[in-house]
There are 2 protein chains.
Amino acid sequence: MEPRADHSKTAYVILGMLALGRQTGYEIKSLVDISTRFFWAASYGQIYPELKRLEQAGLIRGKEDRTNGRKRRSYELTAAGRETLHDWLTSDELLVRELRHEGVLKLFFSDVLTPEEQLEQIRRIRRAHEATRQQLEEIAPGAREADEARGLRFTLLTLDWGIAYQDAIIDWCTRAERELGAAALEA
Amino acid sequence: MEPRADHSKTAYVILGMLALGRQTGYEIKSLVDISTRFFWAASYGQIYPELKRLEQAGLIRGKEDRTNGRKRRSYELTAAGRETLHDWLTSDELLVRELRHEGVLKLFFSDVLTPEEQLEQIRRIRRAHEATRQQLEEIAPGAREADEARGLRFTLLTLDWGIAYQDAIIDWCTRAERELGAAALEA
DNA sequence: TATAGCATGTAATTAGTTACATGATTAA
DNA sequence: TTAATCATGTAACTAATTACATGCTATA
């Protein structure tokens with residue numbers, strides 16, 4: 001087996017989005033902004049150059065398009081592109097996972113604060129996740145519609161994952177607030 | 001009120017670690033690697049230059065030190081540094097939160113897979129979080145000891161947060177696997 | 001005496017965001 | 001006619017990782 005060139009994650013985002021029926025850089029970015037950005041972001045500065053690279057590599061095929069009135073460059077997957085996507089989706093490589101959470105970082109250092117400030121720290125984390133949960137709920141109806149129209153399930157399942165994640169943190173915060181509050185009263 | 005210069009998050013990691021009793025760049029990095037890296041990473045390439053900047057800014061004070069046999073540069077917080085840390089910890093600015101999760105990204109595109117491959121996708125996510133959970137459990141005893149020795153609570157609380165997060169994802173995966181498995185049997 | 005761990009640092013690279021430029025079309 | 005949206009792109013910047021260089025000390 002020859003060593004296949006490995007691609008940036010942005011490349012797979014593009015291949016995946018084309019497989020889900022998007023056609024242009026703009027459409028890909030629009031969908032990213034209401035879906036994968038919660039667990040994988042991508043900017044124009046990544047998407048457009050990557051589209052060119054993928055075309056050069058023969059994984060996607062682009063053509064000038066005027067079907068929507070506006071002129072635009074629409075892409076579709078080639079057989080090689082579909083295979084590359086499938087290989088990535090089913091590969092057993094270690095999954096990249098990174099988390100940056102300023103709230104938890106602050107919590108880590110919160111021993112230097114007063115009990116009231118400590119409580120507020122956790123409240124702020126909770127509120128941040130409640131806000132995200134709200135955002136996800138607002139996305140849900142549109143996602144449900146789009147999923148049904150295209151016969152998809154996994155975009156919605158992913159949204160459910162996101163809500164479950166928010167809920168878990170919210171619950172943890174609620175518990176921690178109660179315990180910390182109780183401890184503060186005793187003292 | 002004058003507009004205080006705002007610092008990189010690495011700066012706050014350093015100030016916080018000094019407040020918790022670390023003294024050198026090496027010690028800070030060592031603790032980061034078994035604690036904050038799960039929600040906020042930092043490399044030598046960030047830490048050492050930032051230590052110099054912070055000293056220049058008067059937030060920390062460094063001196064040559066030989067107490068441990070080896071020569072090293074140990075730092076402590078100045079009053080200004082302690083205040084800067086406190087301001088950040090109690091500020092109401094929007095918390096930076098970023099998540100990159102390749103497993104969930106793959107899940108998002110999994111409509112193109114067979115039912116068995118879809119199931120495997122979720123299993124891989126679960127396994128990744130089980131492995132992280134395991135790592136956190138291994139860190140726990142040492143963290144408990146260190147916390148007790150120093151009279152700290154929040155480092156352990158943060159660890160508990162991390163475990164709760166892993167558990168929530170593991171539970172979600174278990175449920176999703178069951179539902180997907182059941183649906184596959186019907187078909 | 002050799003290996004592991006303590007300790008400090010930087011150069012080179014890669015990744016990623018931000019901001020801007022440009023222009024067309026559609027809907028209010 | 002004007003604002004919003006569709007659409008493509010890049011230059012400049014900032015952040016971050018990786019890999020390397022260096023050398024000491026404690027321990028097996």
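Order of the sequence lines sets the chain letters (A, B, ...), proteins ahead of strands, with each chain counted from 1.
Side-chain atoms of B:R73 lie closest to C:dT8 of the nucleotides C:dT10, C:dT8, D:dA7. For A:P49, the listed nucleotide lying nearest its side chain is D:dT10; candidates were D:dT10, C:dT8, D:dT8. Picking from C:dT25, C:dT8, D:dT10 the nucleotide with the shortest atom distance to the side chain of A:R66 gives C:dT25. Proximity note for A:R100 (side chain, C-beta onward) versus D:dA16, D:dG9, C:dA7: the nearest is D:dA16.
Contacts of A:S43 with the nucleic acid, taken as non-hydrogen atoms under 4.0 Å apart, include base atoms.
Distance, A:E50 CD to D:dT8 P: 16 Å, rounded to whole Å. Atom-to-atom, CD1 of B:I14 to P of C:dG9 comes out at 11 Å; the value is rounded to the nearest Å. Rounded to an integer number of Å, the gap from A:K29 NZ to D:dT10 C1' is 15 Å. The nearest whole Å value for the distance from the CD atom in B:E27 to the C1' atom in C:dG9 is 17 Å. A straight line from CD of B:Q23 to C1' of C:dA7 spans 14 Å, rounded to a whole angstrom. Following rounding to the nearest Å, A:Y12 (OH) and C:dA15 (P) show an atom-to-atom distance of 13 Å. Between B:R22 atom CZ and C:dT8 atom C1' the separation is 19 Å, expressed in whole Å. D:dT25 atom C1' lies 15 Å from atom CG of B:D65, rounded to whole Å.
Outside the 6.0 Å centre-distance limit, the rings of B:F109 and A:Y12 are not counted as a close aromatic pair. Taking the six-membered ring for Trp and the full ring otherwise, B:H129 and B:W172 have centroids separated by 6.0 Å or more.
Between the side chains of B:E98 and A:H101, no donor-acceptor pair is found at a separation under 3.5 Å. Looking at A:T155 and A:R150, their side chains never bring a donor and an acceptor atom within 3.5 Å of each other.
Between A:Q46 and the phosphate of C:dT17, there is a side-chain N or O to OP1/OP2 separation shorter than 4.0 Å. OP1 and OP2 of C:dC6 both lie 4.0 Å or more from every side-chain N or O belonging to B:S30. Close to D:dT8, at under 4.0 Å from its OP1 or OP2, lies no side-chain N or O of A:Y26. Contact annotation: A:R70 does not reach the phosphate of D:dC6 (side-chain N/O to OP1 or OP2, under 4.0 Å). When the side-chain nitrogen and oxygen atoms of A:Y44 are compared with OP1 and OP2 of D:dG9, none of them lie within a distance under 4.0 Å.
Within the structure, salt bridge (charged side-chain N to carboxylate O under 4.0 Å, His left out) pairs that include any residue of residues 157-170 of chain B comprise B:R133-B:D167 (at least two apart or interchain).
Mapping B:T24 and A:T10 onto DNA chain C by nearest heavy atom places B:T24 at the nucleotide closer to the 5' end. Nucleotides of DNA chain D nearest to A:K71 and A:G45 differ in position, and the one nearer the 5' end is that of A:K71. Between A:K52 and A:R72, the one whose closest nucleotide on DNA chain D sits nearer the 5' end is A:R72.
A:Q118 places a side-chain N or O within 3.5 Å of a backbone atom of A:L113 that can act as its donor or acceptor partner.
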